[in-house]
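In each ligand, atom 1 is the first atom listed, and ligand 1 is the first ligand listed. Any value given below was found using the heavy atoms of this structure, including those in side chains, with hydrogens, waters and symmetry copies removed.
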Amino acid sequence: MEAVAMAAVPPGRDEWDRIKVRLRAELGEDVFSSWFARVELASVEADTVHLSVPTRFLKNWLQSRYRDRLLALFGESFGTVRQIEFSVRSAIRPGSVSRESAGEAQPTARTIPFPATRPAATGTRSIEDHRDDDVLAGSPLDHRYSFESFVEGRSNGLALAAAKRVADGRPGEPVSFNPLYIHASVGLGKTHLLQAVAHAAKAQGRRVLYLTAEHFMYRFVAALMAQSAIAFKEALRGIDLLLIDDMQFLQGRQVQQEFCHTLNALIDGARQVVVAADRPPADLETVDERVRSRLAGGLLVEVGAPDVDLRRRIVAHRVAQAKKADPRLEVSAAVIDWVAENVVTSGRDLDGAVNRLVAHNQLTGQQIGLEMAELALRDLLRTREPKKVKIEDIQRVVSKHFNVTKADLLSARRTRTVVRPRQIAMYLAKALTPRSLPEIGRRFGNRDHTTVLHAVRKIEEMANADRGFADEIEMLKRMLDA
Ligand code: ADP
Ligand code: MG
């Protein structure tokens, strides 16, 4: 009896509070409150931490994006912790939850099994992965992001040529442009290009490190805490090629200082650095001026939006890939043309479009024809033909998604858990309905139109800064289109 009590780890609320303080400092208030404000510590067992969250989306999101980080943080407090388990707290109406988890939800993008558009979650790695011998493990690479699968067009030709040149460089040879800085808005192939460089250079035996800026920060902070920062820095400077993705997320004074040293040391040592971001260096507001100017000192390449010709070839390429997995798949040239002409935004949407068609075909057995394509992809075409969405629908979907009541959405409550969903709902009302700002304000508990405007801007800003958040908004839009 006593022995058991001794072995059990204490409940750990204090540690959890401290971990939250750290996360808030690392991630910034907006990101923290979007993902962690509603996470609760359920229990800590010998090797497992149980966290509970209000929605399935949040569970999946935290699992795929933050499990490693949480593991490391909990590992600091409880040396024995090897796993983080997330559970969804029972929703207001348990009936609706069990139906959803039984898999009867309509086949939206979320439930489609084929093919995943994201690299596999890294959540299964144990905390041991972060110990000293592994100071330089990079962010996960997706083997599908290769030069072979990258389709060239007018808008990305220069970036592709530069990326290939970098990938071909030999260690010790002078580098032609350093750093190479690729910028483009979301979904236009930055990550794909960076990872293609990483694969190609690795294949030649070069020491390559691909890290998202978020991961870089995390690794550095983890190394500091484990007192292995020196080893980390040394190791960083010993690589041939450093690729940093999503540079716009680099934050924090000490991290930037370290990044700046690393950058200088690598560039001065004729090691290649490649950086991708959603904006040019001059617009990286959170980034230190010295880092910005160093970044701007190499070759800057922008990837533009794909024209119809490139879109067509990307779709055709995707279809060919899907056909490898399922040889019976038939997609006519007419459907490919139609998708290329109508899905006009990004490579990601084109991917999504093809995945959707394939899934539709697999789930319903229906041939992929124009009619089916139009039906399956109608929400991707919203820019052309706005569908009538009602504000009540938005309020219903948003409150269910975030597990708050509609009364909360309309109330004057100012707690974060209610404020963000409310802002999202107002944003969606503006984006999906023809209602004016004052009208939307009235429908949300008689608020002023400036409040609505503020909400719209805030959500746009967050969506621009955080692809995950943009995905969540996009998913809500899709749910509303059903
Ligand atoms: P970013 O990092 O710029 O947001 P990604 O590299 O993640 O964009 O690209 C989004 C999706 O679109 C990926 O699946 C990628 O493979 C695909 N994609 C984008 N551009 C191209 C292209 N030129 N050829 C093939 N696939 C592309
Ligand atoms: Mg990217």
Side-chain angles (χ1 to χ4, degrees), residues 64-65 109 112 114-120 138-164 167 180-200 210-216 243-250 274-280 284 300-322 324-325 336 339-340 343-358 380 463-474:
S64 65
R65 291 277 297 241
I112 289 172
F114 170 91
T117 51
R118 291 275 185 137
S139 304
L141 291 177
D142 187 326
H143 68 274
R144 289 167 303 186
Y145 290 168
S146 62
F147 282 128
E148 291 72 46
S149 63
F150 192 84
V151 184
E152 182 174 3
R154 249 198 302 267
S155 50
N156 61 28
L158 185 58
L160 177 62
K164 281 188 163 159
L180 168 60
Y181 187 102
I182 300 175
H183 65 103
S185 59
V186 68
L188 297 184
K190 299 180 296 292
T191 296
H192 190 143
L193 272 179
L194 252 59
Q195 297 203 5
V197 172
H199 290 302
Y210 167 85
L211 279 174
T212 63
E214 230 184 342
H215 242 107
F216 178 90
L243 303 128
I244 300 283
D245 202 353
D246 285 327
M247 184 66 195
Q248 68 273 11
F249 294 136
L250 195 80
V274 184
V275 172
D278 67 354
R279 60 199 87 173
L284 294 168
L300 299 191
V301 191
E302 181 169 9
V303 177
D307 56 18
V308 65
D309 169 62
L310 177 57
R311 295 200 300 268
R312 183 181 297 116
R313 286 181 301 119
I314 291 178
V315 174
H317 184 85
R318 281 286 180 276
V319 168
Q321 279 179 325
K324 279 188 201 151
I336 292 177
V339 172
V343 178
V344 295
T345 40
S346 72
R348 201 130 60 96
D349 281 349
L350 292 173
D351 258 12
V354 175
N355 289 349
R356 202 93 66 84
L357 292 180
V358 171
L380 289 177
N464 279 333
D466 181 346
R467 175 159 157 179
F469 185 75
D471 283 346
E472 188 177 14
I473 298 290
E474 194 50 40

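Contacts between P306 and ligand 1 below 4.0 angstrom, taking non-hydrogen atoms only, are absent altogether. For R467, every heavy-atom contact with ligand 1 shorter than 4.0 Å involves the side chain, none the backbone. At a heavy-atom cutoff of 4.0 Å, ligand 1 is contacted by the side chain of R318 but not by its backbone. Heavy atoms of V151 found under 4.0 angstrom from ligand 1 belong to the backbone as well as the side chain.
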Next on the checklist: Checking D245 against T191 for the side chain to side chain donor-acceptor pair (under 3.5 Å) test, could you report, in this order, the C-alpha distance in whole Å, the side-chain angles of both residues, the deciding distance, and whether it holds?
Outcome noted: CA-CA 7 Å; D245 202 353; T191 296; 2.7 Å; yes
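The backbone N or O of S185 sits less than 3.5 Å from a side-chain atom of K190, completing a donor-acceptor pair.
Listed by number with element, the atoms of ligand 1 under 4.0 angstrom from any heavy atom of N156 are 23 (N). Using a 4.0 Å cut-off to heavy atoms of D351, the atoms of ligand 1 that qualify are 11 (C), 13 (C), 14 (O). Contact atoms of ligand 1 toward S149: 24 (N), 25 (C) (distance under 4.0 Å to a heavy atom of the residue). Residue-ligand proximity, G347 to ligand 1, at heavy-atom distances under 4.0 Å covers atoms 11 (C), 12 (O), 19 (C).
For a threshold of 3.5 Å applied to N or O pairs, the pair formed by V186 and ligand 1 contains no separation below that value. Close N/O approach between G189 and ligand 1 is found [any backbone or side-chain N/O within under 3.5 Å].
Taking a 4.0 Å cut-off on heavy atoms, A184 fails to register as neighbouring ligand 1. No heavy atom of R144 sits closer than 4.0 Å to any atom of ligand 1.
Atoms CG and CG, from N355 and D349 in turn, are 11.0 Å apart once rounded to the nearest 0.5 Å. One distance of note links CG of L350 with NE2 of H317; it measures 12.5 Å at 0.5 Å rounding. To the nearest 0.5 angstrom, F249 atom CZ is 13.5 Å from I244 atom CD1.
Residues that satisfy the ring-ring contact (aromatic ring centres under 6.0 Å, His included) test with F469, not counting sequence neighbours, are absent from this structure. In terms of the side chain to side chain donor-acceptor pair (under 3.5 Å) criterion, residue partners of S146 (sequence neighbours excluded) are, by chain and number, E148, S149. Shown here are the ring-ring contact (aromatic ring centres under 6.0 Å, His included) partners of F216, two or more places apart in sequence or in another chain: F259.
A pairwise comparison of heavy atoms in S155 and A305 identifies CB-O, 3.4 Å as the closest pair. Contact between S139 and T212 at its shortest, heavy atoms only, is OG-N, 3.1 Å. Between P140 and Q195, the shortest heavy-atom contact is O-NE2, 3.7 Å. For the residue pair L194 and L243, the shortest heavy atom distance occurs at O-CD2, 3.7 Å.
Only protein N, O or S atoms were scored, and 1 of them lie under 2.8 Å from the Mg ion (ligand 2).
Proximity annotation for atom 21 (C) of ligand 1: of L193, D142, I314, I314 comes nearest, heavy atoms only.
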